[in-house]
Amino acid sequence: MSNYPIETIRHSAAHVMAAAVQKLYPDAKFDIGPATENGFYYDFDMEHRLVNEDLKEIEKQMKKLIGRKLPFEHFELSRAEAGKMLAEAKQSYKLERLADIPEGEKIGFYRTGDFVDLCRGPHVANTGDIGAVKLLSIAGSYFRGDEKNKMLQRIYGAAFESEEAMTEHFRLLEEAAKRDHRKLGQELDLFSFSENVGPGLVLWHPKGAFIRHTFETFWKEEHYKNGYELLYTPHIGQSVLWETSGHLGFYREGMYSPMEIDEKDYYVKPMNCPFHIEVYQSRLRSYRELPLRWAELGTVYRYEKSGALHGLLRVRGFTQDDAHIVCTPEQIEDEIAEVLRFSLYIWKSFGFTEIKPYLSTRPAKAVGEPERWETALVSLRKAVDKLGLECEVDEGGGAFYGPKIDLKVKDAIGREWQTATIQFDFNLPERFDMTYIGEDGKKHRPYMVHRALMGSLERFFGILVEQYAGAFPLWLAPEQARLLPVSEKVTDYARKVQAELRQKGFRVEIDYHASSLGAKIKDARNARIPYLLVIGEREAEEGLIAARNRREGELGSLTIGQLAEKMRFEVENKIV
RNA sequence: GCCCACAUAGCUCAGUCGGUAGAGCACAUCCUUGGUAAGGAUGAGGUCAGCGGUUCGAAUCCGCUUGUGGGCUCCA
C-alpha cells in the first residue's frame with residue numbers, strides 16, 4: 001500500500017506498460033500515456049498489429065518489472081540534447097510532442113530500466129509502488145485525436161493502489177452491467193433492433209411502448225399547462241427547405257440520402273426547426289402574439305457513423321421532445337428562466353435530483369451580432385442564478401449559431417448523463433428572414449430558442465431503464481400488479497379481482513401457469529412487477545388479497561378498496 | 001468511417017484434433033391442486049449470421065459482407 005496520488009500510480013503504470021511493449025516490440029514508437037479515470041493507456045505505432053493474446057504477454061512483462069522494484073529516475077536535458085536523443089531513438093511522435101513544449105520550460109525525462117520517456121512526471125519512487133494492474137483492451141486512436149492523422153494502437157489498462165481496490169472496481173462495473181438498458185431491454189421485452197430494419201432504428205415492443213406512451217402523455221399535458229402549443233409536421237421535406245436552412249451546405253453527410261418524387265428531391269428530416277419556421281411564416285406575425293412556444297415530439301433521422309451507435313443512447317432514428325420559442329428581446333430573460341425551471345421539474349418527476357447546467361459561450365467562428373450573443377448569454381446566466389444552480393462554463397464551446405445551456409443529470413449509481421439542451425439560434429431566423437411587426441409598425445427580427453428537455457425519447461428511455469434498473473415506478477410500470485392464484489380452484493376469484501382493479505384504472509395481469517406459487521413469485525419479481533397479489537382459498541372466502549410490493553415488502557391481507565387506494569396514492573405522487 | 005474482438009435453438013451458453021448439433025431456462029402437452037424466489041414427465045424447437053474458398057468432408061481453417069460489443073473520431 002503506497003501513499004501516492006492515484007493518478008501518479010496510474011501514470012507510472014503507463015510507463016511500465018510502455019517499457020514492457022518496448023521490450024517485446026523494439027520497433028515501437030511511443031506517443032503519450034496518461035492516467036485515465038480508472039487506469040491508464042499508452043498509444044504507440046509499430047509494425048506488429050496487436051491482438052488480445054498479446055495483452056497477456058505484455059501484462060506478464062509488466063508484472064516482472066513491477067516485481068523488480070525498478071526506480072523511476074528523473075533527469076533533464078537541453079532542447080537540443082533531447083531532440084538528438086529522440087531522433088536517434090527514431091521516436092518521431094515524441095519529437096512532435098517535444099516541439100509542443102513551450103520555450104523556456106524544463107525538458108524532463110524519466111528512466112525506468114531500459115525505457116526512457118519524455119515526461120514531466122511525477123512518478124512513484126519505484127515500480128514496486130504500483131499496487132495492482134490489469135490490461136483491458138486494444139483500441140485504435142488517431143494521433144492528436146485528429147481523424148486525418150495516422151491511427152495509433154492504444155492499450156487500455158486498469159491500475160489501483162491495491163488488489164482490493166481493483167476487485168471493488170470490477171464489482172462496481174458488474175453492478176452497472178446488470179442495469180445496462182440493452183440487457184434489460186431484452187430481458188423485460190421492452191425494445192429491439194432488427195438487422196432487416198437497419199442499424200440504429202428502434203422497434204418498441206408493447207411494454208416499452210406503454211412506458212413511452214405514459215411519459216409522452218405526461219410531457220404533452222405539462223406542455224399545455226406551461227403555455228406551450230403542440231405541432232405536428234411531416235417527416236420529409238423538399239430540398240429547397242434544407243438549402244434555405246443551410247443543412248445541405250454544412251450537414252449533408254449527416255442526412256439520409258434524398259428520394260426523388262415528381263422530379264423533386266425530398267429529404268427525411270434531421271431536425272424539426274425548418275418546419276416550425278414554416279408554420280411561423282404562414283402569416284404575418286405581431287409582437288402581440290409573442291412569445292410563441294411550439295412543441296413537437298418530432299421524429300428525425302440522422303446518418304450517425306456506424307461506430308457511434310450505442311443501444312438506445314445513440315441511434316439513427318429518434319424522437320426529439322423539441323420546442324421552439326420565438327420572442328422579443330424583452331421577453332428572452334423570462335423565457336429562458338422558465339425553460340430551465342421546466343426542465344428541472346420534468347427530470348425531478350422521474351426521480352433525478354442532481355442536475356447541473358453547463359453553459360457554452362461564443363466560438364471563434366460564429367454568426368449573429370455580438371450584442372445579441374451578449375444579451376443571450378446574460379439571460380442564460382441570470383436563469384441559472386435565479387434557480388440557485390452552480391454552473392460550469394465552456395468558453396467558446398457554443399454552436400456557431402448561438403450560446404447554449406446543457407443539463408447533466410446524475411443517476412442512481414452516480415453516472416452523469418447529458419440530457420436537456422437550451423440553445424439560442426441566430427442563424428435560422430436570418431436565413432428564413434423571420435420577422436414580426438413591432439409596436440412601431442416596423443419589422444423586427446425575433447429571438448429563437450431551440451430546446452429539448454428529455455433530449456430524445458429513445459435516449460431518455462434508455463437512461464430511465466438504467467436509473468430504475470428495470471424496476472419502473474408504479475405510474476410508469478406497464479404491468480402494475482400481477483395476481484398469483486395459489487391453485488386453479490381460485491381462477492374465478494382472480495378474474496373477478498382483475499376486473500375490479502382494471503375498472504379502477506390499474507394494469508393487472510393473472511399468472512395462469514400451473515406452476516407453484518414460489519415459481520410464480522420468482523417470475524413476477526424477475527419481471528419487476530411492482531405489486532404481487534397472492535390469492536388462495538382463504539382470500540377467496542374472505543374477499544381479500546394478500547399483497548406485497550417491491551418497495552415495502554409484505555402488506556398483509558387487504559380489501560380491493562384498500563389496495564386500490566394505496567396504489568392510487570403511489571401513482572398520483574409518482575413515487576419512485 | 002477507423003482499430004480490436006465477437007456472432008451456435010426465443011434467452012444464457014457448451015461443442016476437444018475438421019468427421020454431419022448439445023445443455024439449462026423459456027415454450028407445448030400430460031401428471032401434480034399447491035401458501036410466498038424454481039414440483040415432475042414427455043415433446044417440439046437449428047440454413048451453426050450471410051456469401052464464397054480450401055478439403056473426400058467445415059459450426060470448426062481462410063477471405064469478403066452484414067450485425068453487435070469495447071475504443072478513436074463525430075454528435076451540426
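Proteins get letters first, then strands, A, B, ... in listed order; numbering begins at 1 in each. For the numbers below, each heavy atom of this structure counts, side chains included, while hydrogens, waters and symmetry mates do not.
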> Which base sits across from B/rA23 as a Watson-Crick or G-U pair, both distances under 3.5 Å?
Replying inline: B/rU12
> Is A/Y41 touching bases, backbone alone, or none of the nucleic acid, heavy atoms closer than 4.0 Å?
Replying inline: nothing
>> Any carboxylate oxygen within less than 4.0 angstrom of a Lys/Arg side-chain nitrogen, looking at A/E570 and A/R551?
In response: yes
> When rounded to the nearest Å, what value does the distance between P atoms of B/rU60 and B/rA7 take?
Replying inline: 11 Å
>> Ring-plane angle category for A/F461 and A/F472, please: parallel below 30°, perpendicular beyond 60°, tilted otherwise.
In response: parallel
> Which residue, A/R525 or A/M271, contacts RNA chain B at a nucleotide closer to its 5' end, judged by nearest heavy atom?
Replying inline: A/R525
> Is the centre of the A/F30 ring less than 6.0 Å from the centre of the A/Y93 ring?
Replying inline: no
> Under 4.0 Å between a side-chain N or O of A/H513 and OP1 or OP2 of B/rA38?
Replying inline: no
>> Heavy atoms only, 4.0 Å cut-off, all strands: where does A/G455 land among base, sugar-phosphate and nothing?
In response: nothing
>> Expressed as a whole number of angstroms, how long is the span from A/R431:CZ to B/rA76:P?
In response: 16 Å
>> My understanding is that a pair needs two contacts under 3.5 Å, Watson-Crick or G-U wobble. By that rule, which nucleotide pairs with B/rG45?
In response: none
> Any side-chain N or O of A/H310 less than 4.0 Å from the OP1 or OP2 oxygen of B/rC75?
Replying inline: no
>> Please give the distance between the P atoms of B/rU68 and B/rU12 as a whole number of Å.
In response: 15 Å
> If the C1' atom of B/rG18 is compared with that of B/rA5, how far apart are they to the nearest Å?
Replying inline: 24 Å
> How would you label the contact of A/E187 with the nucleic acid (heavy atoms, under 4.0 Å): base, sugar-phosphate, or nothing?
Replying inline: nothing
> Does NZ or CZ of A/R154 fall inside the cone over A/Y41's six-membered ring, less than 6.0 Å from its centre and within 45° of the axis?
Replying inline: yes
>> B/rG39, OP1 or OP2 - any side-chain N/O from A/S516 closer than 4.0 Å?
In response: yes
> Mapping A/S137 and A/S515 onto RNA chain B by nearest heavy atom, which one lands closer to the 5' end?
Replying inline: A/S515
> Any side-chain donor paired with an acceptor under 3.5 Å for A/Q320 and A/N272?
Replying inline: yes
>> Tell me whether the side-chain N/O atoms of A/R182 come closer than 4.0 Å to OP1 or OP2 in B/rG69.
In response: yes
> Should B/rU68 form a Watson-Crick or G-U wobble pair with both distances under 3.5 Å, which nucleotide is its partner?
Replying inline: B/rA5
>> Quick check against the 3.5 Å criterion: does A/W294 have a side-chain atom that pairs as donor or acceptor with the backbone of A/V326?
In response: no
>> Using atom P in both nucleotides, what's the gap between B/rU8 and B/rA14 to the nearest angstrom?
In response: 10 Å
> Roughly, in whole Å, what's the span from NZ in A/K365 to P in B/rA76?
Replying inline: 15 Å
Protein N or O to nucleotides 1-6 of chain B N or O, pairs below 3.5 Å:
from	atom 1	to	atom 2	distance (Å)
B/rG1	OP2	A/S306	OG	2.7
B/rG1	N7	A/G307	N	3.3
B/rG1	N2	A/Y142	OH	2.4
B/rC3	O2	A/G140	N	3.1
B/rC4	O2'	A/N52	OD1	3.3

>> Without decimals, in angstroms, what is the distance between A/L309 CG and B/rG70 P?
In response: 11 Å
> With rounding to whole Å, what would you report as the distance between B/rA9 and B/rU55 at their P atoms?
Replying inline: 30 Å
> Taking any strand in view, what nucleotide pairs with B/rC61 in a Watson-Crick or G-U wobble way, both distances under 3.5 Å?
Replying inline: B/rG53
>> Using the rule side chain to side chain donor-acceptor pair (under 3.5 Å), only one of A/R182, A/H181, A/R179, A/K178 pairs with A/E466; which is it?
In response: A/H181
>> So if I take every side-chain heavy atom of A/R314 and compare against B/rU33, B/rC75, B/rG35, which nucleotide ends up nearest?
In response: B/rC75
> Do the side chain of A/E539 and the base of B/rG35 come within less than 3.5 angstrom through a donor-acceptor pair of N or O atoms?
Replying inline: yes
> Across all strands, who's sitting opposite B/rU33 as a Watson-Crick or G-U wobble pair, both distances under 3.5 Å?
Replying inline: none
> Tell me: CZ of A/R538 to P of B/rG35, nearest whole Å?
Replying inline: 10 Å
> Side chains of A/S245 and A/H247: do they bring a donor and an acceptor to under 3.5 Å?
Replying inline: yes
>> Distance check needed: B/rG70 P versus A/K134 NZ, whole Å only.
In response: 18 Å
>> If I take atom NZ in residue A/K522 and atom C1' in nucleotide B/rG24, what distance separates them, rounded to the nearest angstrom?
In response: 12 Å
> Do A/Y358 and A/D406 have side-chain N/O donor and acceptor atoms under 3.5 Å apart?
Replying inline: no
>> Classify A/Y156 by what it touches in the nucleic acid, base, sugar-phosphate, or nothing, heavy-atom distance under 4.0 Å.
In response: sugar-phosphate
> Can you tell me the Watson-Crick or wobble partner of B/rA76, both distances under 3.5 angstrom?
Replying inline: none
> Given the P atoms of B/rC62 and B/rG70, what is the spacing between them in whole Å?
Replying inline: 25 Å
> Which part of the nucleic acid, if any, lies within contact of A/A514, taking any heavy atom under 4.0 Å across all strands shown: a base, the sugar-phosphate backbone alone, or nothing?
Replying inline: base
>> So if I take every side-chain heavy atom of A/R548 and compare against B/rU36, B/rG35, B/rA76, which nucleotide ends up nearest?
In response: B/rU36
> Distance between the C1' atoms of B/rC61 and B/rG19, in whole angstroms?
Replying inline: 15 Å
> Counting side-chain heavy atoms from C-beta on, which of B/rA76, B/rA38, B/rU33 comes nearest to A/A399?
Replying inline: B/rA76
> For the pair made of CG in A/L190 and C1' in B/rC11, what is the distance, rounded to whole Å?
Replying inline: 15 Å
> B/rC6 and B/rC64: how far apart are their P atoms, nearest whole angstrom?
Replying inline: 15 Å
> Whole Å only: how far is the NE2 atom of A/H247 from the P atom of B/rC75?
Replying inline: 14 Å
> When you check the side-chain N and O atoms of A/E537 and A/Y493, is any donor under 3.5 Å from an acceptor?
Replying inline: no
> When we call it a touch if two heavy atoms are under 4.0 Å apart, what does A/G246 touch: a base, just sugar-phosphate, or nothing?
Replying inline: nothing
> Any salt bridge between A/K29 and A/E47, counting N to O under 4.0 Å?
Replying inline: no
